[in-house]
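Written below as structure tokens is the structure these notes are about.
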Amino acid sequence: MNEPKRILLGVSGGIAVYKSAELVRLLRKQGMEVRVAMTAAAAKFVTPLTFQALSGNAVHCDLLDAESENAMDHISFARWADLMIIAPATANLIAKLSHGLADDLLTTLYLAATCRVYVAPAMNQAMWSKPVTQENIAALRRHGVHLIGPAQGEQACGETGFGRMSEPQEICAALLTVSSGLCLQGLKVLISAGPTREPLDPVRYITNRSSGKMGYALAEAARNAGATVTLVSGPTQLPSPEQIDLVRVETAAEMYDAVITRAENHHVYIGAAAVADYTPVEVRPEKIKKQDEQTTLALHKTKDILAEVASLRVRPFTVGFAAETTDLEAYALDKLARKNLDMIAANWVGQAQGGFDSEQNALEVFWKGGRETLAMTGKNRLAELLIGLIAEILKAKV
Ligand code: PMT
């Protein structure tokens with residue numbers, strides 16, 4: 001994608017509209033041309049005049065406005081943009097976008113847009129966590145929309161939780177990451193994601209709580225940064241990401257084979273999967289019968305995929321994850337050194353927030369001579385930040 005210069009900002013009606021006015025100012029400061037389309041509800045929170053003054057362009061509100069259609073019809077308007085950002089995107093607007101409704105200017109522009117589209121949701125925390133909203137969000141993701149936020153914190157309604165629109169600075173930074181170019185262009189990135197399943201008998205297995213969300217988000221962020229991505233995934237409920245070579249596996253041994261046979265052919269390996277450390281010594285051909293009060297499972301160690309990748313003769317830049325419930329830094333630094341990694345991203349697990357099977361996460365990233373804290377945010381945004389960091393360290397190594 002070429003550097004975006006022309007930004008189409010869609011504004012729907014929520015209290016966070018005032019933040020979008022600041023977003024226009026920040027984008028203009030970065031030398032971007034901004035045109036604004038508002039819904040009728042948005043115009044009740046902040047007048048179009050404010051956006052007109054800040055953007056330096058007439059603001060569009062109506063689909064069937066003969067005057068503005070004369071100046072630039074809605075199809076040309078959608079085509080004009082290098083990038084579209086909808087901020088704030090209310091629950092109602094997200095529902096409409098995810099179902100392809102086009103009953104006003106903003107939804108029509110979204111449907112007509114051929115550029116990359118970003119959406120910054122903003123709504124009450126209960127509305128955000130409603131299954132129907134989450135289904136709509138998942139649909140938008142499947143349709144290739146990139147999410148920024150939402151953030152967690154105190155909301156205008158007085159409640160606390162996820163649903164706040166990300167701050168304008170954060171949205172601007174996310175859009176600038178795109179405009180700063182494709183930081184992994186030309187590179188091949190191999191990522192592992194999800195849990196593994198270690199069978200005990202035909203009906204039972206040992207597994208863990210990994211949903212695959214972190215690894216899939218990394219795969220999409222690496223693809224968006226221009227990389228050719230192979231994703232080796234344990235069993236997950238996630239849809240196959242577009243334009244990514246997806247290799248499905250089940251056990252730690254299958255994941256080992258899938259990764260090791262490909263690793264030398266990649267520039268970067270990121271081990272985000274929660275691979276079983278132990279697997280049953282024996283897989284029983286028949287269902288194990290209930291007998292004694294207590295029973296013991298004999299397990300043996302699985303092969304350490306990450307350490308093996310790091311010890312390859314032609315090794316990719318190797319990034320491990322560390323999932324810890326205590327002494328995060330000490331354990332992460334130990335894994336970095338012991339497995340001879342280039343970088344390690346450590347996260348707290350087993351807590352209320354972040355880690356396994358949640359929408360958000362935070363990472364403490366360590367590499368030789370450096371460290372960075374990536375604060376709690378949505379896994380998509382976190383993945384973009386980690387990919388940016390990997391690209392930076394890689395660049396410094398060359
Ligand atoms: O999938 P989600 O629900 O989104 O959750 C994300 C996550 C919590 C799973 C992810 O952020 C994470 O922490 N992944 C690593 C989990 C893990 O197994 O951590 P560990 O500290 O036990 O292992 C350290 C590293 O060794 C990991 O990179 C792991 O992939 C790797 N490993 C472990 C065992 C093994 N046999 N082979 C390996 O390669």
Side-chain angles (χ1 to χ4, degrees), residues 141 190-198 206-221 231-238 241 249 251-260 262-263 268-279 299-312 315-367 374 376-383 385-387 390:
R141 281 205 178 104
L190 179 64
I191 298 173
S192 71
T196 60
R197 275 182 191 167
E198 309 304 316
I206 301 173
T207 190
N208 59 63
R209 295 179 189 275
S210 170
S211 62
K213 285 175 194 162
M214 192 70 242
Y216 278 56
L218 283 164
E220 291 187 348
L231 177 62
V232 176
S233 172
T236 72
Q237 302 295 318
L238 303 175
V249 297
T251 63
E254 287 170 11
M255 189 171 274
Y256 175 90
D257 288 342
V259 169
I260 296 299
R262 290 170 174 83
V268 178
Y269 172 66
I270 308 174
V275 189
D277 290 322
Y278 290 90
T279 190
L299 304 172
H300 65 74
K301 256 192 180 162
T302 55
K303 288 194 237 175
D304 192 316
I305 305 168
L306 187 62
E308 198 94 355
V309 170
S311 67
L312 288 172
R315 59 175 256 169
F317 183 87
T318 308
V319 183
F321 264 72
E324 309 296 347
T325 51
T326 58
D327 301 318
L328 182 103
E329 180 169 345
Y331 282 126
L333 289 174
D334 172 64
K335 281 175 186 161
L336 180 71
R338 190 164 39 81
K339 299 193 185 192
N340 190 27
L341 308 176
D342 294 299
M343 185 184 263
I344 192 149
N347 46 193
W348 289 104
V349 291
Q351 302 196 336
Q353 275 185 30
F356 286 98
D357 199 18
S358 68
E359 292 299 324
Q360 71 279 357
N361 202 7
L363 293 171
E364 288 295 333
V365 189
F366 302 92
W367 62 96
L374 303 181
M376 185 68 71
T377 184
K379 282 183 177 169
N380 284 338
R381 177 70 190 130
L382 192 66
L385 293 171
L386 184 59
I387 290 294
I390 291 170

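Both ligands and their constituent atoms are indexed starting at 1 by order of listing. One is the number of the first residue; the rest follow in order along the sequence.
Note: no N/O pair closer than 3.5 Å links Gly194 and ligand 1 by distance alone. At a 3.5 angstrom cut-off on N or O pairs, Gly215 does not count as close to ligand 1. The shortest N or O to N or O distance between Asp357 and ligand 1 is under 3.5 Å. Between Ser358 and ligand 1, no N or O atom pair is found at a separation short of 3.5 Å. In terms of N/O distances under 3.5 Å, ligand 1 is approached by Lys339. Of the polar atoms of Val349, none of the N or O atoms is found under 3.5 Å from an N or O of ligand 1, judged by distance alone. Between Gly212 and ligand 1, a contact under 3.5 Å exists for at least one N or O pair.
Closest protein heavy atom to atom 20 (P) of ligand 1: Lys335 NZ, 3.8 Å. Among all non-hydrogen protein atoms, the one lying nearest atom 39 (O) of ligand 1 is Leu306 N, 2.9 Å. With respect to atom 28 (O) of ligand 1, the closest heavy atom belonging to the protein is Gly271 O, 2.7 Å. Looking only at protein heavy atoms, the nearest one to atom 14 (N) of ligand 1 is Ala272 O, 3.0 Å. Atom 23 (O) of ligand 1 has its closest protein heavy atom at Phe321 O, 3.9 Å. Taking atom 30 (O) of ligand 1 as the reference point, the nearest protein heavy-atom neighbour is Ala273 O, 2.7 Å. Protein heavy atom in closest approach to atom 9 (C) of ligand 1: Phe356 CE2, 3.6 Å. Atom 34 (C) of ligand 1 has Asp277 OD1, 3.3 Å as its closest protein atom, hydrogens excluded (heavy atom only).
Closest approach of Phe321 to Leu363, counting heavy atoms only: CE2-CD2, 3.8 Å. Listed here is the closest heavy atom pair of Lys379 and Asp357: NZ-N, 4.0 Å. In terms of heavy-atom proximity, Ala273 sits nearest to Met255 at CB-SD, 3.6 Å. Scanning both residues, Ala274 and Asn208, for their nearest heavy atoms gives O-ND2, 2.9 Å.
Atom CZ of Phe356 is surrounded by more than 12 heavy atoms from other residues, nucleotides or ligands within 6.0 Å.
Residue Ala252 does not touch ligand 1, judged by heavy-atom distances below 4.0 Å. Contacts of Lys303 with ligand 1, taken as heavy-atom pairs under 4.0 Å, involve the backbone alone.
At least one donor-acceptor pair closer than 3.5 Å links the side chain of Thr196 to the backbone N or O of Ala276.
Using modelled atom types, one finds a donor on one side chain and an acceptor on the other under 3.5 Å when comparing Ser233 with Tyr216.
Under the rule for a side chain to side chain contact (heavy atoms under 4.5 Å, CB included), the partners of Ala332 that lie at least two apart in sequence or sit in another chain are Ala322, Ile344, Ala346, Phe366.
Atoms OH and CG, from Tyr269 and Leu312 in turn, are 10.5 Å apart once rounded to the nearest 0.5 Å.
Among residues at least two apart or in separate chains, salt bridge (charged side-chain N to carboxylate O under 4.0 Å, His left out) pairs with a member in residues 332-351 are Asp304-Lys339, Arg315-Asp342, Glu324-Lys335, Asp334-Arg338, Asp342-Lys397.
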